[in-house]
Number of protein chains: 2
Amino acid sequence: MIPGEVLKHLKRVGVRLTPQRQEILQVLWERAQAGGQPVNAEEVMKRVRKRYPAISLDTVYRTLATFTREGIVNELQFKDQSRRYELVIQGEHHHHLVCLGCGYVREIAYCPEDIIKRVRESYTDFKIEEHSFTIYGYCAECRED
Amino acid sequence: MIPGEVLKHLKRVGVRLTPQRQEILQVLWERAQAGGQPVNAEEVMKRVRKRYPAISLDTVYRTLATFTREGIVNELQFKDQSRRYELVIQGEHHHHLVCLGCGYVREIAYCPEDIIKRVRESYTDFKIEEHSFTIYGYCAECRED
DNA sequence: CAATGAAATAGGAATAATTCCTAATTAGGA
DNA sequence: TCCTAATTAGGAATTATTCCTATTTCATTG
């Protein structure tokens with residue numbers, strides 16, 4: 001089930017709850033339940049099409065952008081050039097460990113908050129909005145040595 | 001002048017020193033001298049063409065990939081979808097503060113080494129190769145409030 | 001519960017960034 | 001100087017994302 005909170009939030013900020021958006025949310029939710037591997041737009045489209053065959057890729061992109069703007073979704077940009085998305089779980093914050101071989105993503109709970117705080121204090125004219133921290137390497141299956 | 005060390009390194013690892021590569025290196029070097037704002041491939045091509053009009057974009061991409069592989073260049077991927085590159089200055093390591101308005105990049109010296117260490121220790125089956133840490137926000141000129 | 005208007009959608013075209021392909025050229029060791 | 005594997009130019013192809021526009025629809029209001 002889609003978290004009721006999210007639906008309430010969308011309603012509150014005046015984002016219409018179309019069936020397409022509900023399906024996309026559903027797909028993201030299922031993904032989060034099934035291990036939290038981030039998805040790209042293409043993948044979201046494929047999954048949504050199983051239940052809603054007419055959805056366009058453009059709608060998926062627009063919706064993901066809207067959800068990102070509303071803080072419901074995180075838009076991730078790794079080195080592999082395609083954006084991936086993950087549902088934001090309430091009050092949770094994490095970073096990623098990405099395998100350069102297979103692309104598998106693991107969450108890491110640590111966050112360099114101390115550095116962000118220091119940067120905020122030393123660059124007072126810069127208004128910090130967000131940050132990304134990603135560690136790349138090779139997982140057990142992909143490493144060669 | 002291009003750092004002699006880099007040329008030596010390329011020779012040592014068997015990477016041919018073509019005029020195209022020298023020009024690209026020169027451009028990256030000049031960029032580093034002039035404040036260190038990272039460049040994308042298109043920009044590198046434009047600059048190289050001033051002195052070497054025939055160079056192709058493909059060559060620029062290939063060369064930047066080669067340099068990255070050799071550790072001479074850092075390939076950066078910010079949220080704006082285009083890759084940017086910067087010359088690696090010997091023994092120096094830094095991260096970035098990026099303006100979401102104008103794209104201006106500032107270097108930050110702090111690095112979350114402690115976290116990387118901890119991750120290395122707790123995920124022993126994962127072979128860490130690199131990491132990226134970027135703070136996004138708005139610079140003095142672009143912030144609205 | 002029907003009308004209405006702004007918001008959202010489908011579908012395809014357009015754009016942007018990057019990579020691929022191939023014949024021709026060239027660096028640099030022998 | 002010769003030779004060969006590495007590299008290049010140029011354009012085509014691919015991939016990811018955004019734009020465009022006519023049509024549809026949500027959800028508010030009467």
Side-chain angles (χ1 to χ4, degrees), chain A residues 2 6-27 38-70 72-73 75-85 103, chain B residues 2 6-27 38-70 72-73 75-85 103:
Chain A
I2 296 168
V6 170
L7 299 183
K8 263 186 239 163
H9 173 82
L10 291 177
K11 186 150 211 168
R12 192 175 345 114
V13 296
V15 170
R16 279 195 197 165
L17 212 45
T18 67
Q20 290 91 333
R21 286 175 177 172
Q22 292 185 58
E23 270 311 311
I24 291 170
L25 200 50
Q26 178 72 35
V27 166
V39 269
N40 61 22
E42 190 76 27
E43 180 78 12
V44 170
M45 185 191 68
K46 279 187 197 155
R47 288 178 184 274
V48 170
R49 282 199 167 165
K50 289 181 185 170
R51 296 200 207 148
Y52 201 93
I55 199 166
S56 74
L57 191 51
D58 186 42
T59 296
V60 172
Y61 273 110
R62 258 184 303 99
T63 301
L64 290 171
T66 301
F67 285 179
T68 299
R69 180 165 33 81
E70 292 308 326
I72 289 165
V73 155
E75 185 185 77
L76 310 172
Q77 172 86 65
F78 299 135
K79 298 187 75 102
D80 69 354
Q81 206 70 332
S82 101
R83 289 182 188 151
R84 299 200 235 175
Y85 302 83
Chain B
I2 295 168
V6 170
L7 299 184
K8 263 186 243 163
H9 173 80
L10 291 176
K11 187 150 211 169
R12 192 173 348 112
V13 296
V15 170
R16 278 196 198 167
L17 213 46
T18 67
Q20 290 91 335
R21 285 176 177 171
Q22 291 185 59
E23 271 311 311
I24 290 170
L25 199 50
Q26 178 72 35
V27 166
V39 269
N40 61 22
E42 190 76 28
E43 182 79 10
V44 170
M45 186 191 66
K46 279 188 197 155
R47 289 177 184 276
V48 169
R49 283 200 168 165
K50 288 182 185 170
R51 298 197 206 150
Y52 201 92
I55 199 166
S56 73
L57 190 52
D58 185 43
T59 296
V60 173
Y61 273 110
R62 258 184 303 101
T63 301
L64 291 171
T66 301
F67 286 178
T68 299
R69 181 163 33 81
E70 292 307 326
I72 289 164
V73 154
E75 184 186 79
L76 311 170
Q77 172 86 67
F78 299 135
K79 297 186 76 99
D80 68 356
Q81 206 73 330
S82 100
R83 291 182 186 153
R84 299 201 234 177
Y85 301 83

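In this entry the distance linking NZ of A:Lys11 with C1' of D:dT28 reads 11 Å, nearest Å. Summarising the geometry, the separation between CZ on A:Arg83 and P on C:dA17 is reported as 11 Å, rounded to the nearest angstrom. Taking atom CG of residue B:Leu17 and atom P of nucleotide D:dT8, one finds them 10 Å apart after rounding to whole Å. For the pair A:Met45 CE and C:dT9 C1', the interatomic distance rounds to 15 Å; values are reported in whole Å. Here C:dA8 presents its P atom at 11 Å from CZ of A:Phe67, a figure rounded to the nearest Å. Following rounding to the nearest Å, B:Lys46 (NZ) and C:dA16 (P) show an atom-to-atom distance of 12 Å. Look at CG on B:Leu57: it is 11 Å from C1' on D:dG10, rounded to the nearest Å. Atom CZ of A:Arg49 and atom C1' of C:dT9 are 13 Å apart (whole Å).
Residue B:Arg21 places no side-chain N or O under 4.0 Å from the OP1 or OP2 atom of C:dT26. An OP1 or OP2 oxygen of D:dT7 is reached within less than 4.0 angstrom by no side-chain nitrogen or oxygen of B:Thr59. Close to D:dT8, at under 4.0 Å from its OP1 or OP2, lies a side-chain N or O of B:Thr18. Taking 4.0 angstrom as the limit, A:Tyr61 places a side-chain polar atom (N or O) nearer than this to OP1 or OP2 of D:dT17. Look at A:Gln20 and you'll find a side-chain N or O under 4.0 angstrom from OP1 or OP2 of C:dA10.
Residue-to-nucleotide contacts include a donor-acceptor pair under 3.5 Å from the side chain of A:Arg16 to the base of D:dT25.
For B:Asp58, counting side-chain heavy atoms from C-beta on, the closest listed nucleotide (C:dA27, C:dA10, D:dG11) is D:dG11. Between D:dT8, D:dT17, C:dA10, one nucleotide has an atom nearer to the side chain of B:Arg62 than all others, and that is D:dT8. Closest to the A:Ser56 side chain, of the nucleotides D:dT17, C:dA10, C:dA27, is C:dA10.
Nearest-nucleotide positions on DNA chain C place A:Thr66 closer to the 5' end than the other of A:Thr66 and A:Pro53. Residue order along DNA chain D, read from the 5' end via each residue's closest nucleotide, puts B:Ala54 first among B:Ala54 and A:Glu42. For the pair B:Val15 and B:Tyr85, nearest-nucleotide mapping onto DNA chain C gives the more 5' position to B:Tyr85.
Rounding to the nearest 0.5 angstrom, the gap separating the CD atom in B:Glu23 from the CZ atom in B:Arg51 is 5.0 Å.
Residues A:Leu25 and A:Val6 are in side-chain contact: their nearest non-hydrogen atoms beyond the backbone lie under 4.5 Å apart. Contact of the A:Val15 side chain with the A:Thr66 side chain is registered, since non-hydrogen atoms from C-beta on lie closer than 4.5 Å.
Annotation for A:Arg84 and A:Pro38: closest pair CB-CB, 3.7 Å, computed over non-hydrogen atoms.
Computed from C1' positions of five pairs at each end, the angle between the two local axes of the helix from C:dC1-D:dG30 to C:dA30-D:dT1 equals 30°, rounded to 10 degrees.
Ion pairing between a basic and an acidic side chain is recognised when a charged N comes within 4.0 Å of a carboxylate O; A:Arg47 and A:Glu43 show such pairing.
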* Could you give me the CA-CA distance, side-chain angles and deciding distance for B:Leu17 and B:Lys11, then say whether side chain to side chain contact (heavy atoms under 4.5 Å, CB included) is met? => CA-CA 7 Å; B:Leu17 213 46; B:Lys11 187 150 211 169; over 6 Å; no

* Between A:Ile72 and A:Leu10, does a side chain to side chain contact (heavy atoms under 4.5 Å, CB included) hold up when you go through it step by step? -> CA-CA 9 Å; A:Ile72 289 165; A:Leu10 291 177; 3.2 Å; yes

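Using a distance-only test at 3.5 Å, with no hydrogens or angles considered, no donor-acceptor pair links the side chain of B:Arg83 to the main chain of B:Glu75.
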